[in-house]
Every structure is written in structure tokens, then in C-alpha cells.
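Worth saying up front: this structure is predicted, and the values here are computed from it rather than measured. Proteins come first, then strands; the chains are lettered A, B, ... in the order of their sequence lines, and each starts at number 1.
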Amino acid sequence: MNIENTLKQKVAEALQTLFGLQDQPITLQSTLKDFEGSHTLLVFPYTKPLQRKPEEIAQAIGDYLVANAGIVTKYNVVKGFLNLSLSEEAWLASFQMMRKNPAFGTFPDKRKKVMVEFSSPNTNKPLHLGHLRNNFLGWSVAQILSACGYEVIKANLINDRGIHICKSMLAYQKFGKGETPSSSGLKGDHLVGKYYVEFDKLYKAQIKELEAQGMGKEEAEKKAPAIEEAQKMLLAWEKGDKEVVALWKKMNDWVYGGFAETYQKIGVSFDKIYYESNTYKLGKNIVQEGLKKGVFYQKPDGAVCIDLTADGLDNKVVQRGDGTSVYITQDMGTADLKYQDFHIDKSVYVVGNEQDYHFKVLFNIMKKMGRSYAEGMYHVSYGMVELPNGKMKSREGTVVDADELVDEMIRIAEEKTTELGKMDSLKPEELPHLYQIIALGALKYFLLKVDPKKKMLFNPEESVNFQGDAAPFIQYNHARICSILRKAEQDKISYNLPESYAEYKTLHSSEIDLLSVLLALPTKVQEAGEAYSPSILAQYSYEVAKGYSKFFADCSIFKADTDEARNFRIALSAQTAYTLKFVLKLLGIEVPDKM
RNA sequence: UGCCAUAUAGUUCAAGGGAAGAACGAAGGUUUCCGGAGCCUAAGAUGGGGGUUCGAGUCCCCCUGUGGCAACCA
């Protein structure tokens, strides 16, 4: 039914009829702006078997298509590129098909469950820009997979225990003086983060002092009293020491309060929350199972290992000589736990690329252990967000704080909106929500438009775009269409009846370009799902908005020459609004009706 | 040292082996007309060297730069 498949079929037919060629690759791409036509067939691949010039072959196929394909009206040949123009009927027919499908862009239920784990913060400090990239990616990947037909469970594995938490706790014990979020006016996560930084100051000073006394750097890092105390605290926590556990609970609760506020503000939520304090002991049964199966082996000192050298990896310890867990042990256990809880078919981890190796090892092990879900494990690996002067480091305070950044974005959104005088048509009480939509949209789009696996640069001086290739431009096009649809309704124009524009026979090239972009929606959603890449949809949403802007500038809607043209253009606008809203939703971005 | 990423315009990013594209910035134009956060015009780039191919930014090899990993850390 869709244009592309019809064309491919007809091209195959042409190759068979004209040249007796079968099973040839058929490569269609969209025609470049500089040439006439909408679809371009590459004929280079046929030159070899046919021993003929590409121009000859292209011309022959072109003639055949015009005569036999029905939907092709004319063609032109540039080197080995056969540019095709399609009939108005073909465009209008596919447009009607799209209009009739209220769920255009979504796929049928696959009857498969996938868990997407993302966010996964440590509870010793507030969220920063890097976490935002993670949260936005995870959320978007979950939405995309859902549109692709999966049942999605969004999970958050909170790292609420370990030496880093003890660092904050220790510093609080030493310097906190009973400070609380309410007494200090600080958000809970920020308060705890403050003591994490305090710890680092103390620790660094102690190292320096020890070094001054002639101790080597490495030894000083191990012997500094602060770190020794923190380690002692961790042991006490593991033994269930009442005082330590009480402090841990208190400070974690502060952090959860802070996180909840941030999550709520950035529009992120979860279906299932795991805590490492509950899962960190898991996995030992898998170690035993692996030993029995011969997947693992035990070294003389008792450490359990796996030899992955045959797979291009190394020897990896999965359990310490003293019988305690390492990182990978608990991840094996948690993988099983997730399966037990939900019987998932796929398990996706949104985690930074510094853990690429870890996940290769984990997935490899779970395959060797014969887990049914192992083939469906996938690491959405993303690059770090860097500042102009390099990486962000929490301990050194060179981070872009998530809460501050969001607030700043909201401030800028208000400023720009006021500057443009765009808030006149809105009630004052609607404005804060609008600013929030625009600010978060800009931020999310900025972080999502870049290919996840690439590192990206954030320059606080230049901030985030509100113009050009940016969410506000896309949102603006949605708002502008809503305005048109309101007018259409006011004027009682029933643009949604296909027969009301069926006679429209003079499509403008901007209309065809826009239509062609809109038709690509399902393909783009599928691509984004297969690649776990929201950036594909971010780019697409911009193409749609740009296509609409061009159309809007070139084609008058309410002053169109005929009622058919007018009705078609309103319907085209409505379809564009649907597409923009649909795609941005998959990116976790809201669209306003007015802005 | 090994492994994995990565290198495109002044800057930030695109380009499923197929005609190198945007945006920002800087230059010029555009508002009697449905929303100018817009539209139009022009300038500007594949780190270096080999190879495979009809065709390479894309695949392979070497070199250089950058980031990450290579813990019985997480």
C-alpha cells in the first residue's frame, strides 16, 4: 500500500521485464532538493550485470515506470540517479490512508515485555547534567519501545549503599551539627551533596598532610583517617549497627525527597524501583550454579572466576576469595530478579559508556548461564556530557546542577516569551506551565538530538537554543497549527472529509515535501526503536517542523484558490500537528496549544 | 602496552557504501497577507596516509589527536 513498497515492486518488475534481472538490490532514497522529483532510484548496481551505461538503464526503467506503474508521472536522469515524480492521486491517496489511521506511527502489540532501567542515581549527591541525559534518554527509549509494540517497565535501580554514601554520612557526623533540609533551607539531595564535598575537602587535606610527612601518594590515599573511618562505617552498616543505619536512613530519606521533586519537575517516573541495599547480596546462587555448570572456575585462594579470553574479553572475578560479592555478582543477581519479577523478554540498561566493558562481560556471562532473557539484554551506552573545560566532577564542584539548570532554563523561557510579546493571548495563570513546557522542551531536545553514543558538549555561556534546530521552534509550529485549527472550527470548515479535497489536483512542491516527511513517521519510529536512539526522532521532528514552516510560507491556507485546496491544507496542518505531538511525546517533550 | 569509542564549516551537530546537510554565529533580503521563536539568498568542512569498490565521511590497514576501559572498585 505505501508508496515506497509499490515503487520497489514496480522497479523489480521493470528489471525483470526489461532485462531479465532478478533478485537485485533496489535502493530508493529521497530526491535531493536541487532536482525534480520525490523518489530517487540508484541504478549503479545494475551497470555491472547489464554491461550498459547507467543513463541508458535509468531511462529504460523510467520509461517503463511511467508507462506501467500508474503512480509515476515523469522522471529525469542525472548520471546513475533516476528521479521520479509521482501523481497527485498517489499523494492524496496515501494522505487519506494516513488521516484514517488514528494511531499512525504506532505498531501492533508484540506481546513482549521489556524493562528499561535508567536514572539509577547514587544517594550521596544531587543530580547533574549527565544524569539528565541519562533520564531523558531512558524515558524516551521507554516511550519509543512502547510505540513499537512492547510492554515497557520503567525501572530505577537506586545505588543507596556503599562507601560513597558513607563519605557523606561521615562528614555530616563531623560537621553537620544537626542540620536538616528544613533548618538549612536546602533540598535534601543538595544538603547531602554538600557533605560529600565536605568529605572530599577533609580527605584531600589529610592526604596532603601525610604526603608532607613523607608518605607516598598511594599510601596516603589509603591511610588518611577520613577514608579509614568511612570504611569502618561501611562495615558497621553491613553489620546493621543501629546508629549508623539510622543515620543512613535519615540521610537517604532526605535525598529521596529531593529526587522526587526533581523527577516530578523533569517529568520522569518509574514503574519499579530497586534499591541496591536490597540487591547487593544477590548473585551468589548464580555463582554456585555457574560452578556446577562449569561456566565458572575456582582459584586456589577461593576466588571464583570466568575465563572470557575466547570471547575477546579477560579473566573476570565474579566472587572474591573471601566469599563476598563484587559489582558483577550483584548485577547477575539483579538480572535474575528482574526476570523473576516481570518475566521480561528484553532487559535494557541505560548507563554511561564508561561501563561498556562491564556490560559486555555481564551479557556474556548471562548467555553462558543459559538465561532466556540474555539475548534480549542491551546496553544503551551514552557518552559523557562535557563542559568547555572538560569533564564534570562532583567532588570538585565542577558540575552543572540539574535543578539549577532547569530553573535557569525556565527563567530564559519566560524572558524570551516576554520579549516576543507572545503571552498576550494567555491567561496569567497559564504562563508558568508554558514556561516550563518550553524550558524543558529546549533542554530535552538539546540533550536528545545528539547520537547517544557520542559525547557531547554543553557550554553554559551559550546555553541552550531556543531558535532554529531546537524544541521551541517545533513547539511553535504546533501552536501555530492549533491556531489555524481553531479558526477552521470557528468558520465551521469541515476539512476532515477526504472527499472535500479529493479534487485537489495542483499540489505545491512544499505540500508534497511536507506530505512525504509526514508519511515517514512509522519508519522513523521503527528505526529509533531498533537503534535505541531518540536522536533519530529528534531530527525527524525538526524535519517535520521545517517542512511545515516552508509550506506555511509558500501556501496560503484560508486564502487558497479553491475550497479543495483550503480544506486539504487545513487537513495537512492537522496531520502535521498530530505528528509533532506524537513524536515529541516519544521524546518526553510536551507541546503547547498557544505560545 | 592492549581493548572500545571518537575526529565533518568559526562553533554545535546530521549524513542506513550512493548527489557532503542543518543550526548557531557573521553578510544581505523579507512584515499592506492565516502566528516573523518564521521565510529567502550567499559564504564556509570530511585530521594524515594507504587499500577494497563503478562509487568511501561511512568498510579494511597504518599514523596522529581526544575520551573511556583494562580492579577480588562501583
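To the nearest angstrom, C1' of A19(B) lies 8 Å from CZ of Phe44(A). In this structure, Glu221(A) places its CD atom 13 Å from C1' of C73(B), rounding to the nearest Å. Rounded to an integer number of Å, the gap from Asp469(A) CG to A14(B) P is 10 Å. To the nearest angstrom, P of G38(B) lies 11 Å from CD1 of Ile474(A). For the pair Leu362(A) CG and C4(B) P, the computed distance is 20 Å after rounding to whole Å. Put simply, CG on Leu447(A) is 16 Å from P on U12(B), counting in whole angstrom units. Between Phe551(A) atom CZ and C33(B) atom C1' there is a gap of 15 Å when expressed in whole angstrom units. Spacing between atom CD of Gln29(A) and atom P of G17(B) amounts to 12 Å, rounded to whole angstrom units.
Judged by a 6.0 Å distance limit and a 45° cone about the ring axis, Arg133(A) is not positioned over the six-membered ring of Tyr382(A). Relative to the six-membered ring of Tyr280(A), Arg161(A) meets both conditions, a distance below 6.0 Å and an angle of at most 45° to the axis. At least one test fails for Lys167(A) against the ring of Tyr196(A): distance under 6.0 Å to the centre or angle within 45° of the axis.
Between Trp237(A) and Trp248(A), the angle of the ring planes goes over 60°, which puts this pair in the perpendicular group of the 30/60° scheme. Classification of the Phe359(A)-His379(A) ring pair by plane angle, with boundaries at 30° and 60°, yields tilted.
A salt bridge is absent between Glu489(A) and Arg486(A); no separation between the charged side-chain nitrogens and carboxylate oxygens falls under 4.0 Å. With respect to Lys449(A) and Asp469(A), a salt bridge is recorded, a charged nitrogen being found less than 4.0 Å from a carboxylate O. Under a 4.0 Å N-O distance rule, the pair Asp451(A)/Lys453(A) qualifies as a salt bridge.
Under 4.0 angstrom from either OP1 or OP2 of G35(B) there lies no side-chain N or O belonging to Arg486(A). Proximity of Lys546(A) to the phosphate of C40(B): no side-chain N or O atom is located under 4.0 Å from OP1 or OP2. OP1 or OP2 of A37(B) sits under 4.0 Å from a side-chain N or O of Lys422(A). For Lys550(A) and C40(B), the shortest distance from a side-chain N or O to OP1 or OP2 is below 4.0 Å. The side chain of Lys454(A) contributes an N or O atom lying less than 4.0 Å from OP1 or OP2 of A7(B). Here Tyr357(A) does not reach the OP1 or OP2 of C69(B): none of its side-chain N or O atoms lies under 4.0 Å away. For U6(B), the OP1/OP2 oxygens have a side-chain nitrogen or oxygen of Lys453(A) closer than 4.0 Å. In terms of phosphate contacts, Lys48(A) brings a side-chain nitrogen or oxygen within less than 4.0 Å of OP1 or OP2 of C54(B). For the OP1/OP2 pair of G35(B) and a distance below 4.0 Å, the side-chain nitrogens and oxygens of Ser483(A) include at least one atom meeting the criterion.
Checking G18(B), C72(B), C34(B) against the side-chain heavy atoms of Pro45(A) singles out G18(B) as nearest. The Lys299(A) side chain lies nearest to C72(B) when the options are G35(B), C72(B), A74(B). For Met595(A), taking side-chain heavy atoms from C-beta onward, the closest of the listed nucleotides A37(B), C34(B), C72(B) is A37(B). For Val326(A), taking side-chain heavy atoms from C-beta onward, the closest of the listed nucleotides C72(B), G36(B), C34(B) is C72(B). Each of G18(B), C34(B), A37(B) was ranked by its minimum atom distance to the side chain of Phe81(A); first place goes to G18(B). If you check G36(B), C24(B), C39(B) against the side chain of Ala553(A), the one that comes closest is C39(B). Residue Glu354(A) has its side chain nearest to C69(B) when only C34(B), A37(B), C69(B) are considered. Comparing G38(B), C72(B), C24(B) by their closest approach to the side chain of Asn465(A) singles out C24(B). Distances were taken from every side-chain heavy atom of Lys594(A) (C-beta onward) to each of G35(B), C24(B), U12(B); the shortest belongs to G35(B). Relative to the side chain of Phe35(A), the nucleotides C13(B), A19(B), A74(B) differ in distance, and A19(B) lies closest.
Looking at Asp301(A), its side chain comes within 3.5 Å of the base of C72(B) through a donor and an acceptor atom. For Thr40(A) and A19(B), a side-chain-to-base donor-acceptor distance below 3.5 Å is present, hydrogens and geometry of angles not being considered.
Across all strands shown, Asn83(A) has heavy atoms under 4.0 Å from base atoms, whether or not it also approaches the sugar-phosphate. Residue contacts shown for Leu32(A) include a base, since a base heavy atom lies under 4.0 Å away. Looking at heavy-atom distances under 4.0 Å, Asp451(A) makes contact with sugar-phosphate atoms alone, never a base. At a threshold of 4.0 angstrom between heavy atoms, the contacts of Ala531(A) with the nucleic acid are absent. Using a 4.0 Å heavy-atom criterion, one finds that Ile438(A) contacts the bases of the nucleic acid, with or without backbone contacts as well. As judged by a 4.0 angstrom heavy-atom cut-off over every strand, Phe473(A) is placed among residues touching the sugar-phosphate backbone only. Residue-level contact check: Cys482(A) touches neither bases nor backbone, having no heavy atom under 4.0 Å from any strand. Nucleic acid contact for Val317(A): base, since at least one base atom lies under 4.0 Å from a heavy atom of the residue. Residue-level contact check: Phe552(A) touches the bases, meaning some heavy atom is under 4.0 Å from a base atom. Here Met456(A) lies in heavy-atom contact (under 4.0 Å) with sugar-phosphate atoms only. Here Ser535(A) lies out of heavy-atom contact (under 4.0 Å) with every strand. No engagement by Gly162(A) is indicated, since no non-hydrogen atom pair under 4.0 Å with the nucleic acid exists.
Rounded to the nearest Å, the gap between the C1' atom of G28(B) and that of C54(B) is 42 Å. For the P atoms, the distance from A19(B) to G68(B) is 35 Å, rounded to whole Å. Separating the P atom of U58(B) from that of G51(B) is a span of 14 Å, rounded to the nearest Å. Taking atom C1' in both A70(B) and C13(B), one finds a spacing of 31 Å when rounded to whole Å. Going from the C1' atom of A9(B) to that of A43(B) covers 10 Å, rounded to whole Å. For the C1' atoms, the distance linking A14(B) with U6(B) amounts to 16 Å, nearest Å.
Remark on RNA chain B: of its neighbouring residues Lys33(A) and Gln539(A), the 5'-side contact belongs to Gln539(A), judged by nearest-heavy-atom nucleotide. A residue-by-residue look at Ala545(A) and Gly321(A) shows that Ala545(A) has its nearest nucleotide of RNA chain B further toward the 5' end.
Pair assignment for G10(B) gives C24(B), based on Watson-Crick or G-U wobble hydrogen-bonding distances that are each under 3.5 Å.
Judged by distance alone, the side chains of Asn83(A) and Asn76(A) do bring a donor and an acceptor atom under 3.5 Å apart.
In this structure, Glu419(A) places its CD atom where more than 12 heavy-atom neighbours from other residues, nucleotides or ligands lie under 6.0 Å away.
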